[in-house]
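The analysis underlying the following values was restricted to heavy atoms, covering all of them including side chains, and did not include hydrogens, waters or symmetry mates.
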Amino acid sequence: MPSSIQAFFKHDAASGVVLILAAIVAMIMANTPLNGLYNGLLAIPVTVAFGNFEIAKPLILWVNDGLMAIFFFLVGLEIKREILGGNLSSPAQITLPAVAAIAGIVFPALIYVWFNSDDPVAIAGWAIPSATDIAFAVGVFTIFGKFLPLSLKLFLLSVAIFDDIGAIVIIALFYSQDLSTVSLAVAVSGLIVLFLLNRFNVRTQGIYILVGVVVWAAVLKSGVHATLAGFALALFIPLKLENTDGQPMLEHLEHKLHSWVAFFVLPIFAFANAGVSLIGATMDNIFNPITLGIAAGLFIGKQVGIFGVCWLTVKSGLAKLPEKATWAQLYGVTLLCGIGFTMSLFIGTLAFEEQPLEYQVSVKVGVLIGSILSAFIGAFILAKTGQQETQPKQLIE
């Protein structure tokens, strides 16, 4: 591989760029004569059977239920590492991002509910604008906030981590249905096995993964969303225990998975879910309460909620601004939290899984509008405040 390509993939913003390209390709295919090929590809039936046990789903659901479980597994590994020994290991470090994340979930949801309170079907999408896409947000920050304090990037990452925890809880409580007692029992049994593997310091990674696959299949059949199995598996991966290759198991798995998730799992998900066909659509079809609620929730709810609560928390003395950061810079970061893309689309597929296609179109348009506005204006503010940071240095020189 040429050195220039290797350098690109090592850049912090590379995953965000690949995500954007995947979404653009999906939009092009969905709105051109390639529309039939795009929809046909996602509808390809895929079946995996083992004896009497069978999982038969179209390709898009394998992406949403299978590949995204790997994403949630990585998220779980990151959360466990940060809580046990990273940026979230002390109360002083977690207060500001924790309250910011809670506000970033609540305020967008309230705005969405305000737009859709009179529609019992649409109200199911209340959690869609509450999510933050960590890959996009960090990618934009890396490009436009390179002159800003590192503490702001850590704040953004911490908010996104708490946001992911909130999304996992929301999916478990509100988007699981028709629970199967037998399947849940198998899943719980698998988790007990994982606990014992951890407790007895079993060093073979493959055993953890094998039991994790069984847990995933059981959760998939149980009615609880299968992606939660990925997160649950991560909690039982030992943090410091060395694997059979002599490397800390959690850190090793996290390192191995990061590139696969960033450059394969998430782009494939974006390609499969961002293709919004606007052929024949009218303004009334597009700008409906669902679309407006999602777009306003992401763009307005995120920044108002996060920045407002951060201001109150700091002024009350409960927390401090990120080190060497200004209020203007923090405001730019709160805008980036409105980039909901991957997680918002994912929750949208769950919220309106049983509804006509029009609902998914509204979700995708709303997510794209809110995320694009948040990204562009957030990038502009970060770039301007970053220039201000460099001006004194230039004068001294």
Side-chain angles (χ1 to χ4, degrees), residues 19 21-73 121 124-125 128 131 167 171 174-180 183 187 212-231 260-261 263-281 290 341-368:
L19 268 178
L21 292 176
I24 291 173
V25 171
M27 287 291 293
I28 292 173
M29 292 188 70
N31 291 277
T32 64
L34 295 173
N35 180 276
L37 174 63
Y38 177 75
N39 291 325
L41 176 64
L42 299 180
I44 292 176
V46 179
T47 301
V48 173
F50 185 79
N52 293 326
F53 180 84
E54 179 182 284
I55 301 176
K57 292 177 175 289
L59 183 60
I60 188 171
L61 291 184
W62 278 98
V63 171
N64 293 347
D65 293 341
L67 287 184
M68 287 301 284
I70 299 174
F71 166 71
F72 275 91
F73 176 55
V121 176
I128 297 171
I171 291 169
F174 299 100
Y175 297 113
S176 298
Q177 55 189 348
D178 300 328
L179 300 182
S180 166
S183 296
V213 171
V214 174
V215 171
W216 173 81
V219 172
L220 180 68
K221 291 289 188 178
S222 73
V224 177
H225 201 271
T227 52
L228 299 178
F231 180 78
W260 281 100
V261 170
F263 298 110
F264 180 74
V265 173
L266 292 181
I268 291 295
F269 176 84
F271 173 78
N273 289 275
V276 185
S277 178
L278 303 178
I279 299 173
I290 294 177
F341 196 66
T342 306
M343 284 302 298
S344 291
L345 290 176
F346 180 65
I347 293 176
T349 63
L350 302 181
F352 301 121
E353 191 172 11
E354 305 297 327
Q355 303 305 324
L357 181 62
E358 290 78 10
Y359 283 84
Q360 292 298 335
V361 171
S362 298
V363 168
K364 293 173 182 178
V365 172
V367 169
L368 290 173

Asks: Where is the tightest heavy-atom contact between Pro58 and Ala43, given as atom of each residue plus distance?
Replies: CB-O, 4.0 Å

Asks: If you compare all heavy atoms of Met343 against all heavy atoms of Ala131, which two are closest, and at what distance to 0.1 Å?
Replies: CB-CB, 3.4 Å

Asks: How close do Gly125 and Ala351 get, counting heavy atoms only, and between which atoms?
Replies: CA-CB, 3.9 Å

Asks: Measuring from atom CE of Met29 to atom CG of Leu42, what distance do you get when rounded to the nearest 0.5 angstrom?
Replies: 8.5 Å

Asks: So, taking the atom named CG in Leu37 and the one named OG1 in Thr32, what distance separates them when rounded to the nearest 0.5 Å?
Replies: 9.0 Å

Asks: Set out, in order, the CA-CA distance, both residues' side-chain angles and the distance that settles side chain to side chain contact (heavy atoms under 4.5 Å, CB included) for Phe231 and Ile171, then state yes or no.
Replies: CA-CA 12 Å; Phe231 180 78; Ile171 291 169; over 6 Å; no

Asks: Quick one: pull up CD1 in Ile60 and CD1 in Ile44 and give me the separation to the nearest 0.5 Å.
Replies: 12.0 Å

Asks: Quick one: does any side-chain atom of Glu54 pair with a main-chain N or O of Thr47 as donor and acceptor, under 3.5 Å?
Replies: no

Asks: Atom CG of Leu41 and atom CG of Leu34: how far apart are they, to the nearest 0.5 Å?
Replies: 11.5 Å

Asks: Quick check: do Met68 and Asn273 have side-chain heavy atoms less than 4.5 Å from each other?
Replies: no

Asks: To the nearest 0.5 Å, what is the distance between CG (Asn64) and CD1 (Ile268)?
Replies: 12.0 Å

Asks: Ala187 and Val219: which non-hydrogen atoms are nearest, and at how many Å?
Replies: CB-CG2, 3.8 Å

Asks: Could you grab the distance from atom OG1 of Thr349 to atom CZ of Phe269, nearest 0.5 Å is fine?
Replies: 5.5 Å

Asks: Tell me every residue that passes side chain to side chain contact (heavy atoms under 4.5 Å, CB included) with Asn31, counting only those two or more places apart in sequence or in another chain.
Replies: Met27, Ser277, Leu278, Ile279

Asks: Looking at Tyr38 and Phe271, would you say the former's side chain and the latter's main chain have a donor-acceptor pair under 3.5 Å?
Replies: yes

Asks: Indicate yes or no for a side-chain donor-acceptor contact from Trp216 to the backbone of Ile70 under 3.5 Å, with no hydrogens or angles considered.
Replies: no

Asks: Hey, are the side chains of Phe73 and Val265 touching, using non-hydrogen atoms and a 4.5 Å cut-off?
Replies: no

Asks: Using a 4.5 Å cut-off on heavy atoms from C-beta on, say whether the side chain of Ile55 contacts that of Lys221.
Replies: yes

Asks: Check Val363 against Gly348 and note the closest heavy-atom contact, atom names and distance.
Replies: CG1-CA, 3.9 Å

Asks: Check whether any side-chain heavy atom of Ile347 lies under 4.5 Å from a side-chain heavy atom of Phe174, and answer yes or no.
Replies: no

Asks: Would you say Tyr175's side chain and Ala124's backbone share a donor-acceptor pair under 3.5 angstrom?
Replies: yes

Asks: Considering non-hydrogen atoms only, spot the tightest contact between Trp62 and Val46 and give its length.
Replies: NE1-O, 3.0 Å

